[in-house]
Protein chains: 2
Amino acid sequence: MDDGEVAGIESAQDAANDELVLAFGRLQGAAGRLEYLLGGAIEEEFGISHLMYEVLLIVGRAGGAGMSMRAIAQERVLTTGGMTRLVDRMEAAGLVARTDDPTDRRGKLVRLTAHGRDVVVRASRLHVRNIRRHFLAPLPEEAREQFMECLRILSHAARDALPRLR
Amino acid sequence: MDDGEVAGIESAQDAANDELVLAFGRLQGAAGRLEYLLGGAIEEEFGISHLMYEVLLIVGRAGGAGMSMRAIAQERVLTTGGMTRLVDRMEAAGLVARTDDPTDRRGKLVRLTAHGRDVVVRASRLHVRNIRRHFLAPLPEEAREQFMECLRILSHAARDALPRLR
DNA sequence: CAACAGTATCTGTTCCGTCAGATATTCCCT
DNA sequence: AGGGAATATCTGACGGAACAGATACTGTTG
């Protein structure tokens with residue numbers, strides 16, 4: 001079971017697709033280490049993971065009485081099972097609070113605590129300084145806005161296109 | 001510890017940055033389920049994860065005698081420890097083979113087996129039909145090329161900017 | 001209203017990648 | 001050549017998310 005030639009594994013036409021796959025894969029790997037690119041300071045400063053920070057943002061902008069577990073999970077593209085445990089940890093850290101949904105006794109509503117809001121506000125302030133500078137820096141100036149717009153579009157599409165997460 | 005107002009959590013200036021954070025986060029979540037967007041058919045058809053498919057692509061295009069574990073890990077942004085186990089599984093599945101690096105007795109070289117090359121060729125063929133159509137579809141026609149270019153730039157930058165992975 | 005399908009959340013299990021440490025080897029400096 | 005730092009890979013322990021099943025509740029339908 002040996003192999004000689006590996007060149008010509010694909011047509012030039014397909015090579016561009018592979019490039020996209022590889023680029024996205026690398027970014028996914030890098031995103032797992034997003035702390036180095038974007039949120040390392042947050043983790044150091046506030047002792048919360050980047051994922052927690054994202055959930056704070058999501059819940060924070062919902063405001064009002066809070067968001068259901070499912071809605072958060074849907075928004076962040078996570079299973080509700082995973083969300084249960086994540087919110088467990090965040091609740092233990094005093095960042096969010098669960099309350100019973102008054103309109104549906106199956107449901108819970110998650111909202112920021114005062115501490116959680118404080119953290120997200122200060123973390124965001126820290127974030128702002130880093131995100132464009134470090135993450136987007138390699139891109140040519142004029143491409144950044146459009147790239148961010150594409151990212152927004154794709155992420156919404158991804159969120160909505162995926163089958164309902166358990 | 002109750003909280004009343006949640007509006008005005010941040011300035012309008014910062015809101016755009018948060019948008020980027022959230023978009024990227026969602027994409028990361030979605031990327032974990034990249035199978036639905038890009039590679040679901042591959043997993044069904046060939047019984048290999050999308051990550052394995054990516055590694056097959058990476059090793060395949062290296063060609064020749066093969067790639068070191070570290071080089072693959074670096075290219076895909078993964079720790080070498082994780083790579084060890086991934087290659088274990090891929091070797092067990094008959095997709096790749098390890099050989100001792102003749103120039104460095106610490107190292108191993110990973111190369112595709114005939115079966116691995118067959119899988120990656122056929123999977124790529126399947127992929128081509130799906131990737132642009134499903135993943136990039138939500139983007140306006142004229143933005144796609146530039147978006148892919150941005151993705152390429154950023155992914156290379158991310159790979160190179162990260163501290164050496166253990 | 002009883003039956004039943006659908007939904008929200010939680011929990012046990014499993015998978016998989018990271019982290020830190022161990023071992024073997026190479027490289028560099030004296 | 002000898003000693004130590006750096007490097008390649010592997011391994012044990014761990015964390016966290018997915019998956020599937022369980023439980024509780026809702027809404028619909030006969």
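As the structure is a prediction and not an experimental result, all values here were calculated from the model.
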S.K.: With a 4.0 Å cut-off on heavy atoms, is B/D101 in touch with a base, just the backbone sugar-phosphate, or nothing at all?
M.R.: nothing

S.K.: If you find the nucleotide of DNA chain D closest to B/L109 and the one closest to A/T103, which residue's nucleotide is nearer the 5' end?
M.R.: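 The answer here is B/L109.
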
S.K.: How many whole angstroms separate atom CD1 of A/I72 from atom P of C/dA8?
M.R.: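 The distance from CD1 of A/I72 to P of C/dA8 comes to 13 Å, rounded to the nearest Å.
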
S.K.: I'd like to know if the side chain of A/T113 reaches the main chain of A/G116, judged simply by a donor and an acceptor atom lying under 3.5 Å from each other, with no hydrogens or angles considered.
M.R.: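 The answer is yes, because a donor-acceptor pair under 3.5 Å joins these two groups.
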
S.K.: I want to confirm an ordering. Mapping A/L51 and B/M69 to their closest nucleotides on DNA chain D, which one lands closer to the 5' end?
M.R.: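 Closest to the 5' end, via its nearest nucleotide, is B/M69.
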
S.K.: Which nucleotide wins on minimum distance to the side chain of A/D104, given the candidates C/dC10, C/dA8, D/dA17?
M.R.: C/dA8

S.K.: Check whether any side-chain heavy atom of B/M90 sits under 4.5 Å from a side-chain heavy atom of B/L112, and report yes or no.
M.R.: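 Not touching, per the 4.5 Å side-chain cut-off.
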
S.K.: For B/D88 and D/dT9, what is the distance between atoms CG and C1' respectively, to the nearest whole Å?
M.R.: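 Distance, rounded to whole Å: 11 Å.
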
S.K.: Starting at atom CE of B/M52, determine the distance to atom P of C/dC15, rounded to an integer number of angstrom.
M.R.: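 Atom-to-atom, B/M52 to C/dC15, this comes out as 13 Å.
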
S.K.: What distance do A/H115 atom NE2 and A/L56 atom CG have between them, rounded to the nearest 0.5 Å?
M.R.: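 Answer rounded to 0.5 Å: 9.5 Å.
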
S.K.: Return the minimal non-hydrogen interatomic distance between B/A65 and B/L109, and the atom names on each side.
M.R.: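 Minimum heavy-atom contact is O-CB, 3.8 Å.
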
S.K.: Output one line per pair: protein atom, nucleotide atom from nucleotides 20-23 of chain C, and distance, for all N/O pairs under 3.5 Å.
M.R.:
{"residue": "C/dA20", "atom": "N7", "partner": "B/R166", "partner atom": "NE", "Å": "3.2"}
{"residue": "C/dA20", "atom": "N7", "partner": "B/R166", "partner atom": "NH2", "Å": "2.7"}
{"residue": "C/dG21", "atom": "N7", "partner": "B/R166", "partner atom": "NH2", "Å": "2.5"}

S.K.: Tell me the interatomic distance from A/K108, atom NZ, to D/dC25, atom C1', rounded to whole angstroms.
M.R.: 12 Å

S.K.: So A/R98, base contact, sugar-phosphate only, or nothing? Heavy-atom distance under 4.0 Å.
M.R.: sugar-phosphate

S.K.: Round to the nearest Å and state the distance from A/R76 atom CZ to D/dG16 atom C1'.
M.R.: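 Result: 13 Å.
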
S.K.: Heavy-atom distance under 4.5 Å between the side chains of B/V119 and B/I42, does that happen here?
M.R.: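 They are not in side-chain contact.
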
S.K.: Specify the separation, in whole Å, of atom NE2 of A/H50 and atom C1' of D/dG16.
M.R.: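 Rounding to the nearest Å, NE2 of A/H50 and C1' of D/dG16 are 17 Å apart.
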
S.K.: Is A/T80 near enough to C/dA8 that one of its side-chain N or O atoms lies under 4.0 angstrom from OP1 or OP2?
M.R.: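 Indeed not, no polar side-chain atom of A/T80 lies that close.
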
S.K.: What heavy-atom pair brings A/A143 and B/Q146 nearest, and what distance separates the two atoms?
M.R.: CB-NE2, 3.2 Å

S.K.: Quickly work out the B/L86 CG to C/dC16 C1' distance and round it to whole Å.
M.R.: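 Those two atoms, CG and C1', are 9 Å apart.
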
S.K.: Tell me whether A/D100 is salt-bridged to A/K108, with the criterion being a basic N under 4.0 Å from an acidic carboxylate O.
M.R.: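 A salt bridge is present here (some side-chain N lies under 4.0 Å from a carboxylate O).
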
S.K.: Nearest whole angstrom, please: distance from the C1' of C/dC16 to the CE of B/M90.
M.R.: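 In whole Å, C/dC16 C1' lies 15 Å from B/M90 CE.
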
S.K.: For B/R89 and A/M83, find the nucleotide of DNA chain C closest to each by heavy atoms; which residue's nucleotide sits nearer the 5' end?
M.R.: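 The residue closer to the strand's 5' end, by nearest nucleotide, is A/M83.
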
S.K.: Is the distance from OP1 or OP2 of D/dA8 to the nearest side-chain N or O of B/R70 less than 4.0 Å?
M.R.: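 Answer is yes, contact under 4.0 Å.
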
S.K.: Answer with yes or no whether B/R106 presents, from its side chain, a donor or acceptor under 3.5 Å of a partner atom in the base of D/dT7.
M.R.: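 Side chain to base: pair present.
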
